[in-house]
Colleague: 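So that we are looking at the same thing, I have put the structure below in structure tokens.
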Amino acid sequence: MAHEYKEDSSTAMRRVALPAGETVPALGLGTWMMGQDSRKKKEEVAALKLGLDLGMTLIDTAEMYGDGGAERVVADAIAGRRDQVFVVSKVLPHNATKRGTVYACEQSLKRLKIERLDLYLLHWRQSVALRETLDGFEALKQAGKIRHWGVSNFDVDDMDELLSLKGGDQVATNQVMYNPKRRGIEFALLPDSEKRRIPIMAYSPLDQAGSLLRSHELRAIAERHSATPAQVALAWTIRRKDVFAIPKASREDHVRENHGALNVKLTAADLAELDRAFPPPKKKRPLEST
Ligand code: NAP
């Protein structure tokens, strides 16, 4: 049975600082699987608009999602209020040469109907040299087409290599999978990122609404807080000051519920219980991804 929770519309959005000093909301909006079915577009746009109204003013998208369809959904959601939104998109690795990165970004901007991205990420690493992608990001920055750049699905060794390159220290974030069930990054990537002051953008913070949300432990904690398992998962994921999360919801009730996670204050006992149910890593594990 779904748990009842009280929504407080005055809930203040927590914010996370990027290395350049600017802050972004600790809870944003994901868009994977959006823009694939035109019959769902209205619902998806409405869900994103509601999220923006509630202060979840960071939208994460990618050229890959729905083959550009998700960016078109985002265009409708941000129309008339672009300045209130921190827009993130991603370049596919096989497009990420210097010229390819610039071209892919220009196509994303057209679909998004905006002049500039707030943050542009390399979706994951493949065979193109990082130097090429960095040169593309730099060219885009100089042309005023992106404000910040970052990476996604980068493990410790990838970050080391990136930071060894000239200009690599301009990286604004690393977007990786993180939720109570996927804690591998806590062994090395998260502490390393903290030392380097590179915040982590947590994707799949609800573990894609799989067994995590049905777990006995999450339900028990949720009940104590008059909250829902999804809210506990989100509150846990953003419990640190250097992690922000981008839950995806195409249903308005899910967006409202996710926003309510800001009111859930997990106690030391809750955290210990979650550690027992979902133990932190004791050794380095390969980076998890979807
Ligand atoms: P997620 O946010 O963990 O889960 C999304 C699923 O949870 C959807 O099926 C959604 O349903 C459902 N949901 C949302 N709120 C809920 C709630 N309160 N209660 C129950 N179910 C709820 O998974 P994700 O989409 O994989 O990750 C989030 C975002 O991260 C993506 O959309 C994308 O922007 C980004 N991402 C990036 C990468 C990468 O490689 N960089 C990989 C994966 C994801 P409805 O849609 O029906 O509301």
Side-chain angles (χ1 to χ4, degrees), residues 1-5 7 27-37 39-48 50-51 54 56 58-66 69-71 73-74 77 86-93 96 108 112 119-126 150-155 158 173-182 185 200-215 218-219 222 227-238 243-264 287-290:
M1 197 185 80
H3 301 278
E4 288 292 313
Y5 65 93
E7 199 196 330
L27 275 185
L29 302 160
T31 63
W32 189 26
M33 312 293 253
M34 288 191 182
Q36 293 181 337
D37 179 347
R39 288 166 303 180
K40 293 191 176 154
K41 190 170 185 185
K42 215 172 138 194
E43 186 193 20
E44 292 164 351
V45 170
L48 291 176
L50 173 63
L54 292 169
M56 301 163 88
L58 179 151
I59 300 186
D60 175 78
T61 190
E63 61 170 335
M64 185 184 94
Y65 301 161
E71 290 179 325
V73 169
V74 174
F86 191 93
V87 182
V88 185
S89 193
K90 311 185 197 80
V91 57
L92 279 164
S108 286
L112 287 159
L119 176 62
Y120 199 34
L121 307 177
L122 172 59
H123 209 147
W124 68 91
R125 250 196 112 166
Q126 239 169 25
V151 292
S152 177
N153 297 299
F154 268 42
D155 207 341
D158 302 310
T173 189
N174 182 12
Q175 183 184 113
V176 293
M177 193 181 210
Y178 188 50
N179 65 54
K181 241 182 106 173
R182 318 274 176 186
I185 66 166
I200 292 288
M201 191 186 311
Y203 75 67
S204 306
L206 301 166
D207 209 39
Q208 302 186 320
S211 63
L212 173 69
L213 299 190
R214 295 189 296 276
S215 81
L218 228 61
R219 279 167 176 264
T228 68
Q231 290 174 332
V232 173
L234 293 176
W236 182 92
T237 303
I238 60 164
V243 177
F244 54 115
I246 43 169
K248 176 261 183 181
S250 39
R251 281 175 40 179
E252 290 188 63
D253 58 335
H254 281 164
V255 173
R256 266 202 196 86
E257 182 178 333
N258 295 344
H259 174 255
L262 294 165
N263 294 324
V264 177
L287 190 64
E288 289 183 90
S289 62
T290 49

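One-based numbering, in listed order, for ligands and for the atoms of each. Just so you know, these numbers come straight off a predicted model, no measurement behind them.
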Colleague: Using a 4.5 Å cut-off on heavy atoms from C-beta on, say whether the side chain of Lys181 contacts that of Ser211.
Modeller: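 The answer is yes, as the side chains (C-beta and beyond) meet within the 4.5 Å cut-off.
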
Colleague: Is the side chain of Gln231 donor-acceptor paired with the backbone N or O of Ala222 at a distance under 3.5 Å, no angle test?
Modeller: no

Colleague: Using a 4.0 Å cut-off on heavy atoms, what residues surround ligand 1? Order them by chain and number.
Modeller: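 Close residues (ligand 1, cut-off 4.0 Å): Gly30, Thr31, Trp32, Asp60, Tyr65, Lys90, His123, Ser152, Asn153, Gln175, Tyr203, Ser204, Pro205, Leu206, Asp207, Gln208, Ala209, Leu213, Ala230, Ile246, Pro247, Lys248, Ala249, Ser250, Arg251, His254, Glu257, Asn258, Thr290.
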
Colleague: What's the verdict on side chain to side chain donor-acceptor pair (under 3.5 Å) for Glu71 and Ser108, showing C-alpha distance, side-chain angles and the deciding distance?
Modeller: CA-CA 7 Å; Glu71 290 179 325; Ser108 286; 2.8 Å; yes

Colleague: Could you work out, with side chain to side chain contact (heavy atoms under 4.5 Å, CB included) as the rule, every residue matching Lys90, not counting sequence neighbours?
Modeller: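 Here the qualifying residues are Asp60, Ala62, Tyr65, Leu121, His123, Gln175.
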
Colleague: Would you say the side-chain atoms of Asp155 pair up with the backbone N or O of Asp158, donor to acceptor, closer than 3.5 Å?
Modeller: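 Looks like no, no N/O pair under 3.5 Å.
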
Colleague: Is a side-chain donor or acceptor of His259 paired with a backbone partner of Leu54 at a separation under 3.5 angstrom?
Modeller: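 Yes.
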
